[in-house]
Amino acid sequence: SMAPMKKKILIIEDEKPMARALKLKLEHAGFEAKAVFNGEDGVEVLQKETYALILLDLVMPKMEGFKVLEILNEKKIKTPVIVVSNLSQEDDEKRAKALGAKKFFIKSNTPIATIVEWVVQFLQ
């Protein structure tokens, strides 16, 4: 019989070591993960492929994460978004959540394992 389809996760993160670590840990947890390194590429991918979840950084070249959230709303792309950012102001979290982010993790306070655990729970 066919193996069940793995849930696909898109990582939009310009810090390549962080993006790679997230990708590896998510794959290890049984997901299919793809990493792109700026918001523009992320939006492009999301218009072609369907994902179960997006992990989004906010401060990035070419297109910041807030803009990505705005475009997803405009294009009615309903994929849940988890923000993983160095921005730690309450206003940033409020703004991201107002734009539809389901969860806001601050990188410096959050081990990758914690993020992956949250994703596993969320996508069960």
Side-chain angles (χ1 to χ4, degrees):
S1 70
M2 292 278 292
M5 286 286 291
K6 288 185 174 182
K7 289 186 174 151
K8 287 167 59 177
I9 298 176
L10 181 64
I11 301 154
I12 309 175
E13 162 66 77
D14 67 315
E15 288 177 47
K16 291 191 173 146
M18 176 75 178
R20 289 199 188 99
L22 280 167
K23 180 172 155 61
L24 282 170
K25 290 235 176 0
L26 287 165
E27 287 172 345
H28 190 72
F31 300 104
E32 191 182 315
K34 177 183 181 100
V36 295
F37 306 118
N38 68 68
E40 228 167 62
D41 290 350
V43 167
E44 204 173 294
V45 167
L46 287 162
Q47 292 182 84
K48 288 185 274 202
E49 301 169 36
T50 307
Y51 287 83
L53 187 68
I54 299 159
L55 293 179
L56 178 67
D57 186 18
L58 293 175
V59 181
M60 291 183 289
K62 289 197 185 172
M63 187 189 290
E64 55 154 26
F66 290 119
K67 182 75 184 153
V68 172
L69 286 165
E70 283 167 14
I71 290 171
L72 297 185
N73 289 330
E74 276 163 30
K75 297 194 179 296
K76 309 263 189 288
I77 294 171
K78 299 267 188 259
T79 313
V81 177
I82 307 309
V83 168
V84 182
S85 180
N86 283 323
L87 296 180
S88 55
Q89 299 300 316
E90 208 177 304
D91 288 351
D92 294 315
E93 179 166 355
K94 279 198 183 119
R95 186 177 168 202
K97 287 191 169 162
L99 286 167
K102 300 272 181 256
K103 182 83 180 154
F104 192 102
F105 287 111
I106 297 165
K107 281 182 196 173
S108 54
N109 306 356
T110 318
I112 288 178
T114 303
I115 299 168
V116 173
E117 259 166 51
W118 196 92
V119 168
V120 168
Q121 294 293 316
F122 183 78
L123 289 178
Q124 266 175 356

Heavy-atom pair with the smallest gap, counting every atom of [X] and [Y]:
| X | Y | answer |
| --- | --- | --- |
| Asn38 | Pro61 | CB-O, 3.4 Å |
| Ser85 | Asp57 | CA-OD1, 3.9 Å |
| Gly65 | Leu56 | O-CD2, 3.5 Å |
| Met60 | Asp14 | CG-OD1, 3.6 Å |
| Lys6 | Glu32 | CB-N, 4.0 Å |

Hey, is the main chain of [Y] close enough, under 3.5 Å, to the side chain of [X] for a donor-acceptor pair?
| X | Y | result |
| --- | --- | --- |
| Glu13 | Glu15 | yes |
| Asn73 | Leu69 | yes |
| Lys103 | Ile82 | no |

Has [X] got more than 12 heavy atoms of other residues, nucleotides or ligands less than 6.0 Å from its [atom1]?
| X | atom1 | result |
| --- | --- | --- |
| Lys8 | NZ | yes |
| Glu90 | CD | no |
| Lys25 | NZ | no |

So Phe66 and Leu87, do their side chains get closer than 4.5 Å, heavy atoms only? yes
Counting C-beta onward and ignoring hydrogens, is there a side-chain heavy-atom pair between Asp91 and Arg95 closer than 4.5 Å? no
Does Lys97 make a cation-pi contact with Phe104, if we ask for NZ or CZ under 6.0 Å from the ring centre and within 45° of the axis? no
With Val120, which residues qualify under side chain to side chain contact (heavy atoms under 4.5 Å, CB included), at least two apart? Ala29, Phe31, Val116, Gln124
Sequence neighbours excluded, which residues qualify as side chain to side chain donor-acceptor pair (under 3.5 Å) partners of Lys75? none
Out of Leu55, Leu46, Leu53, which residue meets the side chain to side chain contact (heavy atoms under 4.5 Å, CB included) rule with Leu10? Leu46
